[in-house]
Student: 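For reference, the structure I am asking about is given below.
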Amino acid sequence: MEVLIRDSAEIGCVLGAKIIASVVREKPNAVLGLATGRTPLRLYQELIRLHKSEGLDFSRVTTFNLDEYVGLPPTHEQSYRYFMQENLFRHINIDVKRTHVPNGIAADLHAECRSYETRITDAGGIDIQLLGLGRNGHIGFNEPTGSLRSRTWIKILSEQTLKDNSEVFGSIDAMPKHAITMGIGTILDARRCLLLAFGPSKVRAVEHMIEGPLSAICPGSALQLHPRATVILDETSAAGLHYADHYRWIDKHKFEWQRHG
Ligand code: GLP
């Protein structure tokens with residue numbers, strides 16, 4: 001796992017956008033795995049800036065989002081489809097037909113999960129998967145103790161996750177308690193993973209993900225198995241790491257070709 005500690009979330013998000021932009025420049029028909037939540041917002045703003053001011057071209061790009069709440073239509077302001085439209089898709093030259101978010105109101109949710117996996121495979125697999133990290137260590141909506149080999153499926157949200165995400169819904173009662181999410185096995189199949197985690201609320205999850213044992217109790221720790229996973233932190237989320245100096249040392253002594261800028 002490559003651990004990059006930066007001075008601020010702002011710098012981390014700009015770096016994350018740079019990494020994604022380099023994938024798109026190298027492979028104009030890249031398949032991007034995307035995430036929602038507060039963490040990637042600034043990264044999306046930077047991608048929009050790169051599109052508008054540097055001509056970063058998304059016309060041949062395909063995207064797959066990690067997850068969606070069960071029961072929310074795409075027009076619902078808290079649905080992840082709505083989030084993606086508002087925060088990225090409508091600002092760039094992407095063909096909306098190439099953007100995929102699980103359908104949380106599908107009549108047959110099981111069939112929707114299976115079809116999502118098929119669509120990812122048919123697109124040639126995900127070139128880079130962007131991830132955030134839940135306070136309890138979840139990735140996508142894969143909550144603690146879920147299988148580390150799971151595929152896209154319907155998951156029950158934990159109380160902690162409901163609390164953390166309830167602000168925008170007004171109350172936990174107003175929230176869906178289930179979501180469709182790519183499984184951890186699905187995420188690990190991506191050719192690259194890029195996880196962003198910022199702020200003091202993520203300290204414990206970050207520590208466990210990077211330095212704790214590989215364990216389903218911290219789904220993010222599954223990234224220890226990934227051959228090409230990059231984690232971008234700020235100083236506050238990295239505060240609990242025991243080997244922070246080691247990560248900084250590695251970062252400092254990289255070959256030029258290993259640097260992301
Ligand atoms: C949500 C999403 C995750 C996201 C995480 C962290 O529940 N399903 O994909 O990474 O929680 O959210 P935030 O970035 O708002 O802290």
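For ligands, and for the atoms within them, numbers begin at 1 and follow the listed sequence.
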Student: I'd like to check which ligand 1 atoms, numbered from 1 as shown, lie under 4.0 Å from a non-hydrogen atom of Thr39.
Tutor: 13 (P), 14 (O), 16 (O)
Student: Going by the order shown, which atoms of ligand 1 are within less than 4.0 Å of some heavy atom of Gly132?
Tutor: 10 (O)
Student: Looking only at protein heavy atoms, identify the closest one to atom 4 (C) of ligand 1 and say how far it is in Å.
Tutor: Thr36 O, 4.0 Å
Student: Which atoms of ligand 1 have any heavy atom of Gly37 under 4.0 Å away?
Tutor: 14 (O), 15 (O)
Student: Compute the ring centroids of Phe64 and Tyr116, then answer whether they are less than 6.0 Å apart.
Tutor: yes
Student: Would you call Asp164 and Arg38 a salt bridge, taking side-chain N to carboxylate O under 4.0 Å as the test?
Tutor: no
Student: If you measure from the Lys or Arg side-chain nitrogens to the Asp or Glu carboxylate oxygens, is any gap between Glu2 and Arg259 under 4.0 Å?
Tutor: no
Student: Please work out, at 4.0 Å between heavy atoms, whether the side chain, the backbone, both, or neither of Asp67 comes within that distance of ligand 1.
Tutor: side chain
Student: Relative to ligand 1, is Tyr80 under 4.0 angstrom through side chain, backbone, both or neither, heavy atoms considered?
Tutor: side chain
Student: I'd like to know if Asp245 and Lys252 make a salt bridge, using a cut-off of under 4.0 Å between side-chain N and carboxylate O.
Tutor: no
Student: Strictly below 4.0 Å, N to O, side chains only: are Arg191 and Asp127 in salt-bridge contact?
Tutor: yes
Student: Tell me: protein heavy atom nearest atom 3 (C) of ligand 1, and distance?
Tutor: Gly140 O, 3.5 Å
Student: Which residue and atom name correspond to the protein heavy atom nearest atom 6 (C) of ligand 1, and how close is it?
Tutor: Leu133 O, 3.7 Å
Student: Output yes when Glu54 and Arg25 qualify as a salt bridge under the 4.0 Å nitrogen-oxygen rule, no when they do not.
Tutor: yes
Student: Starting from Phe255 and following side-chain heavy-atom contacts under 4.5 Å between hydrophobic residues (I, L, V, M, F, W, Y), which residues can be reached?
Tutor: Trp257
Student: Find all atoms of ligand 1 within a distance of less than 4.0 Å from any non-hydrogen atom belonging to Lys202, and give their numbers and elements.
Tutor: 13 (P), 16 (O)
Student: Heavy-atom contact check, 4.0 Å cutoff: does His138 meet ligand 1?
Tutor: yes
